[in-house]
J.: 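A single structure is presented below for examination.
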Amino acid sequence: MTILEGRNLRKTYRLSKRSTVAALKGVDIDIENGEMVAIMGPSGSGKSTLMHILGMLHAPDPNHGPAPELRLGGEDVAALSDTARTRIRARRMGFVFQDFNLVPTLTAIENVALACDYAGVKGKAARAAALEALGLVGLADRAGHKPSELSGGEQQRVAIARALVNKPEIILADEPTGNLDSERSAEVLALLRQFNREHGQTVVLVTHDAEVGAACDRIVRMRDGRIRDDGRRPAEPVMAPQLTPVPA
């Protein structure tokens, strides 16, 4: 079953009055329920822009081509208002970023509970859910520590707990291992894979790391604002060279 479906996804950013960058040039993509998918490509290929549109952080451009479509669980969400998109993100999606995006003045449990607040869960219920999520990533005993008192790997695990706390259908991660060493990267990847397999959560992650991509079910490869390989199509057959007979 397809949980995320995008058609004709375009995004152009204006850098100045005379300069624009076409980040996405009409992308079609399908993400199946329960998949763990890596989006890979060189810098500037459009992979982060695609993730931001799939996560409803940005809206696709409606002009200069066929109408864009973005379906979440079969519902077209491409043209929803900012308020409606925010509500869906808070309740049905979780986000993990390279720079952790933790509030430095808040403790780990308070950072995780913020996601509950956005989804309409407050007070003791939010705190209990946040502590449970921290327990799932092995940080219940660090709940009262602020980000400056945690290692990079621990901060990223707090970010994963925040992404998981509302039990979302989809986790979207933008370079989640980019600021970590190889050992901490393996820990973060193992956690994402664990929740994907044990809880059936769909995971879409952007990465430059070939080892991270290899650990996923499928790799979507991008270049120049387009998908060049969706990880499903069979490889193009290699034609045997035509040999010219040698004269006797």
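We count residues from 1, following the sequence as given.
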J.: Would a distance-only check, ignoring hydrogens and angles, find a side-chain to backbone donor-acceptor pair under 3.5 Å from Arg184 to Ser151?
T.: no

J.: Are Val188 and Val165 linked, directly or through other ILVMFWY residues, by side chains that come within less than 4.5 angstrom of each other?
T.: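 Yes: a chain of side-chain contacts under 4.5 Å links Val188 to Val165.
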
J.: Go through the steps for Ile31 and Ile170 under the test side chain to side chain contact (heavy atoms under 4.5 Å, CB included), then give the verdict.
T.: CA-CA 10 Å; Ile31 306 293; Ile170 304 169; over 6 Å; no

J.: Run the numbers on Asp28 and Ile227 for side chain to side chain contact (heavy atoms under 4.5 Å, CB included), then give the verdict.
T.: CA-CA 8 Å; Asp28 295 344; Ile227 290 177; over 6 Å; no

J.: Tell me which pairs pass salt bridge (Lys or Arg N to Asp or Glu O under 4.0 Å) where either residue lies in residues 200-222, with sequence neighbours left out.
T.: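 Only Glu35-Arg218, Arg193-Asp217 qualify under salt bridge (Lys or Arg N to Asp or Glu O under 4.0 Å).
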
J.: Consider only side-chain heavy atoms of I, L, V, M, F, W and Y, link residues closer than 4.5 Å, and tell whether Val37 and Val212 are in one cluster.
T.: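 In one cluster with Val37: Val212, no.
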
J.: Would you compute the distance between atom CE of Met222 and atom CG of Asp229 and round it to the nearest 0.5 angstrom?
T.: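 Taking CE in Met222 and CG in Asp229, the distance rounds to 12.0 Å.
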
J.: Quick one, Val21 and Thr12 - any side-chain contact, counting heavy atoms below 4.5 Å?
T.: no

J.: Between atom CD of Glu187 and atom OG of Ser182, what is the distance when rounded to the nearest 0.5 Å?
T.: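 Reported to 0.5 Å precision, the distance equals 10.0 Å.
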
J.: Ile53, Ile29: one ILVMFWY side-chain cluster at the under-4.5 Å cut-off?
T.: yes

J.: Verify, without hydrogens or angle tests, whether Glu69 (side chain) and Asp76 (backbone) share a donor-acceptor contact under 3.5 angstrom.
T.: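 No, Glu69 side chain to Asp76 backbone: no donor-acceptor pair under 3.5 Å.
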
J.: Minimum heavy-atom separation for Val96 and Pro176, please, with both atom names.
T.: CG1-CB, 4.1 Å

J.: Under 3.5 Å, is there a donor-acceptor pair between the side chain of Arg10 and the main chain of Pro66?
T.: yes

J.: What's the shortest heavy-atom distance between Leu189 and Ala215, and which atoms?
T.: CD2-CB, 3.6 Å

J.: State, with a plain yes or no, whether a side-chain heavy atom of Arg89 is found less than 4.5 Å away from one of Pro168.
T.: no

J.: Using a 3.5 Å distance criterion without hydrogens, assess whether the side chain of Gln156 forms a donor-acceptor pair with backbone atoms of Phe97.
T.: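 Between the backbone of Phe97 and the side chain of Gln156 there is a qualifying donor-acceptor contact (under 3.5 Å).
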
J.: Could you give me the CA-CA distance, side-chain angles and deciding distance for Leu114 and Val103, then say whether side chain to side chain contact (heavy atoms under 4.5 Å, CB included) is met?
T.: CA-CA 10 Å; Leu114 272 181; Val103 180; 3.9 Å; yes

J.: Output yes when a side-chain donor or acceptor of Arg223 lies under 3.5 Å from a complementary backbone atom of Pro42, and no otherwise.
T.: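 No, because the side chain of Arg223 does not come within donor-acceptor range (under 3.5 Å) of the backbone of Pro42.
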
J.: To the nearest 0.5 Å, what is the distance between CG (Asp230) and CD1 (Ile219)?
T.: 12.0 Å

J.: State which residues pass salt bridge (charged side-chain N to carboxylate O under 4.0 Å, His left out) with Arg197; sequence neighbours excluded, sorted by chain then number.
T.: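 Partners of Arg197 by the salt bridge (charged side-chain N to carboxylate O under 4.0 Å, His left out) criterion come out as none, since no residue qualifies.
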
J.: As an exercise, state the distance from CG of Leu180 to CD of Gln98, rounded to the nearest 0.5 Å.
T.: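 It comes to 8.5 Å.
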
J.: Distance-only, no hydrogens or angles: does the Arg142 side chain make a donor-acceptor pair with backbone N or O of Ala108 under 3.5 Å?
T.: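 Judged by distance alone, no pair lies under 3.5 Å.
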
J.: For Ala115, is there any backbone N or O sitting under 3.5 Å from a side-chain donor or acceptor partner on Asn166?
T.: yes

J.: Around atom NZ of Lys122, are there more than 12 heavy atoms of other residues, nucleotides or ligands at under 6.0 Å?
T.: yes

J.: May I have all residue pairs that pass salt bridge (Lys or Arg N to Asp or Glu O under 4.0 Å) and include part of residues 144-153, sequence neighbours excluded?
T.: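 Non-adjacent pairs meeting salt bridge (Lys or Arg N to Asp or Glu O under 4.0 Å): zero.
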
J.: Crowded around Tyr13 OH? As in, over 12 foreign heavy atoms under 6.0 Å?
T.: yes

J.: With rounding to the nearest 0.5 angstrom, report the CE to CD1 distance, Met36 to Ile171.
T.: 9.0 Å

J.: Tell me which one of Asn111, Ile160, Val112 satisfies side-chain contact (heavy atoms from CB on, under 4.5 Å) with Leu134.
T.: Val112

J.: Mark yes or no for whether Ser16, through its side chain, and Ser19, through its backbone, hold a donor-acceptor pair below 3.5 Å.
T.: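 Side chain of Ser16 to backbone of Ser19, a donor-acceptor pair under 3.5 Å: yes, one is there.
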
J.: Closest approach of Pro60 and Ala78, non-hydrogen atoms and distance?
T.: CD-O, 4.3 Å

J.: Under a 4.0 Å threshold between the charged nitrogen and the carboxylate oxygen, would Asp61 count as salt-bridged to Lys25?
T.: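 Between Asp61 and Lys25 there is no salt bridge, as every charged N stays at least 4.0 Å from the carboxylate O atoms.
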
J.: Search all heavy atoms of Ala119 against all heavy atoms of Ala90 and return the closest pair with its distance.
T.: CB-O, 3.7 Å

J.: Looking at every non-hydrogen atom in both residues, tell me the closest pair between Gln155 and Leu102 and how far apart they are.
T.: O-CD1, 3.6 Å

J.: Determine, stepwise, if the pair Leu50 / Lys47 fulfils side chain to side chain contact (heavy atoms under 4.5 Å, CB included).
T.: CA-CA 5 Å; Leu50 177 58; Lys47 56 188 184 297; 5.7 Å; no

J.: Just so I know, are the side chains of Met56 and Arg92 near enough to count as touching, which here means a heavy-atom distance under 4.5 Å?
T.: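 Met56 vs Arg92: side chains apart.
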
J.: Is there side-chain contact between Phe95 and Asn101, with heavy atoms separated by less than 4.5 Å?
T.: no

J.: Same cluster for Met93 and Leu205 if Ile/Leu/Val/Met/Phe/Trp/Tyr side chains link at under 4.5 Å?
T.: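 Met93 and Leu205: separate clusters.
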
J.: side-chain contact (heavy atoms from CB on, under 4.5 Å) with Thr49: which of Leu24, Leu9, Val27?
T.: Leu24

J.: Check whether more than 12 heavy atoms from other residues, nucleotides or ligands sit under 6.0 Å from atom CZ of Arg127, and answer yes or no.
T.: no

J.: What's the verdict on side chain to side chain donor-acceptor pair (under 3.5 Å) for Thr2 and Asp30, showing C-alpha distance, side-chain angles and the deciding distance?
T.: CA-CA 6 Å; Thr2 302; Asp30 296 301; 4.7 Å; no

J.: Heavy-atom distance under 4.5 Å between the side chains of Leu80 and Arg87, does that happen here?
T.: no

J.: Are Val204 and Met40 connected in a single hydrophobic cluster, I mean Ile/Leu/Val/Met/Phe/Trp/Tyr linked by side-chain heavy atoms less than 4.5 Å apart?
T.: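 No, Met40 does not connect to Val204 through the hydrophobic network.
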
J.: Please check if the side chain of Asp174 supplies one atom and the backbone of Val206 the other of a donor-acceptor pair under 3.5 Å.
T.: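 Not at all, since once roles are kept as given, no pair shorter than 3.5 Å links the two residues.
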
J.: What are the two closest heavy atoms between Pro68 and Pro62, and how far apart are they?
T.: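 Looking at all heavy atoms of both residues, the closest pair is CD-CA, 3.8 Å.
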
J.: Is there a side-chain contact between Asn196 and Gln201, using heavy atoms and a 4.5 Å cut-off?
T.: no

J.: How long is the span from the CZ atom in Arg228 to the OG atom in Ser45, to the nearest 0.5 Å?
T.: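 Going from CZ on Arg228 over to OG on Ser45, the span is 10.0 Å.
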
